[in-house]
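This is a predicted model, so every value here is computed, not measured. Only this structure's heavy atoms are used, side chains among them; waters, hydrogens and symmetry mates stay out.
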Amino acid sequence: MELAPLTPENLGKAVSITLRPEQEVFVAPVVQSIAEAYVNPTAWPRLVVDGEDVLAFIMGNFDPGHEIEAFRAGIWRLNVAASAQGRGVGRFAVRALEEEARVRGVERISVLWERGDHGPEGFYLKLGFVPTGEELFGEVVAFKDLGARGALP
């Protein structure tokens with residue numbers, strides 16, 4: 001697996017990523033995320049690919065001056081294709097974003113999620129995100145301290 005930018009060549013496969021049906025209520029479709037990235041210069045959209053196969057889409061945000069701490073650096077979206085789930089693809093995507101954050105000098109990243117059956121809460125907790133007890137837009141706010149460079153769990 002490797003991280004790749006969006007290109008005209010992989011765009012069709014990126015927007016074709018489909019989740020498990022029970023997960024669709026928890027994350028916007030990739031096409032919506034790409035549109036948001038187009039108009040938001042702080043967005044960081046990337047694909048996880050394996051050869052020609054597009055396995056996942058992750059979009060981060062890096063806006064160190066944002067007035068809301070949860071929007072300064074973190075994960076905005078993570079869509080892992082249903083066929084690629086359970087193979088470490090999501091973990092790979094999050095770690096790639098963590099590394100990008102470290103390169104930018106960021107030591108703490110955020111993620112927001114909606115609670116519910118089949119939601120991403122367990123996934124993010126396993127990766128070390130810690131809920132703050134706050135909610136924004138009805139979603140749980142969680143942070144992960146990245147610590148020293150290279151200190152991935």
Side-chain angles (χ1 to χ4, degrees), residues 1-40 42-63 66 68-102 106 108-146 152-153:
M1 285 184 283
E2 62 182 350
L3 207 61
L6 286 162
T7 66
E9 293 77 27
N10 63 27
L11 181 62
K13 289 181 180 181
V15 299
S16 296
I17 291 173
T18 56
L19 306 172
R20 294 180 180 154
E22 65 272 14
Q23 297 169 329
E24 291 175 355
V25 299
F26 295 101
V27 64
V30 173
V31 69
Q32 180 179 334
S33 298
I34 292 171
E36 289 174 6
Y38 181 78
V39 298
N40 190 331
T42 62
W44 185 80
R46 297 292 186 274
L47 299 175
V48 176
V49 299
D50 184 3
E52 295 294 315
D53 295 330
V54 174
L55 307 176
F57 171 85
I58 187 166
M59 185 163 71
N61 181 57
F62 296 100
D63 185 1
H66 199 286
I68 298 173
E69 183 182 9
F71 298 147
R72 292 180 190 155
I75 301 167
W76 273 1
R77 300 274 162 64
L78 177 57
N79 303 63
V80 178
S83 61
Q85 292 182 20
R87 299 185 354 210
V89 175
R91 180 181 301 270
F92 176 88
V94 171
R95 286 190 172 163
L97 185 136
E98 290 173 4
E99 184 55 30
E100 179 66 21
R102 284 186 182 92
V106 174
R108 180 175 160 142
I109 60 172
S110 65
V111 67
L112 280 68
W113 68 77
E114 187 176 327
R115 283 198 168 107
D117 292 340
H118 309 290
E121 183 169 45
F123 171 77
Y124 287 120
L125 294 175
K126 285 180 190 173
L127 291 180
F129 286 89
V130 178
T132 63
E134 292 180 74
E135 287 192 2
L136 284 172
F137 314 110
E139 296 184 335
V140 174
V141 177
F143 284 94
K144 180 176 182 180
D145 291 323
L146 301 179
L152 293 173

For this session: Please assess Met59 against Glu36 for the test side chain to side chain contact (heavy atoms under 4.5 Å, CB included), listing each intermediate value before the final yes or no.
Result: CA-CA 10 Å; Met59 185 163 71; Glu36 289 174 6; 4.1 Å; yes
Closest heavy-atom contact between [X] and [Y]?
X      : Y      : value
Leu6   : Pro45  : CD1-CB, 3.9 Å
Ala14  : Leu47  : CB-CD2, 3.7 Å
Val140 : Pro131 : CG1-CB, 3.9 Å
Trp76  : Ala43  : CZ3-CB, 4.0 Å
Ala84  : Val89  : O-CG2, 3.6 Å
Ala70  : Leu136 : CB-CD1, 4.0 Å

Exercise. Measuring from Glu135:CD to Arg115:CZ, what's the distance to the nearest 0.5 Å?
Worked result: 6.5 Å
Exercise. Can you list the residues that meet the side chain to side chain contact (heavy atoms under 4.5 Å, CB included) rule with Ser83, with sequence neighbours excluded?
Worked result: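 Ser83 satisfies side chain to side chain contact (heavy atoms under 4.5 Å, CB included) with Ala81 once adjacent residues are dropped.
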Problem set entry | Any donor-acceptor N/O pair, Arg108 side chain to Asp145 backbone, under 3.5 Å | no
For this session: Look only at the side chain of Asn79 and the backbone of Val15, and say whether a donor-acceptor pair between them is shorter than 3.5 Å.
Result: no
Problem set entry | Pair Phe123-Val111, side chain to side chain contact (heavy atoms under 4.5 Å, CB included): steps then yes or no | CA-CA 11 Å; Phe123 171 77; Val111 67; over 6 Å; no
Exercise. Any side-chain heavy atom of Phe92 within less than 4.5 Å of one from Leu55?
Worked result: no
For this session: Could you check whether the rings of Phe71 and Phe137 sit parallel, tilted or perpendicular, using 30° and 60° as the cut-offs?
Result: parallel
Exercise. With under 30° as parallel and over 60° as perpendicular, where do the rings of Trp113 and Tyr124 fit, or are they tilted in between?
Worked result: parallel
Exercise. Is a salt bridge present between Arg46 and Glu100, judged by a nitrogen-to-oxygen distance below 4.0 Å?
Worked result: no
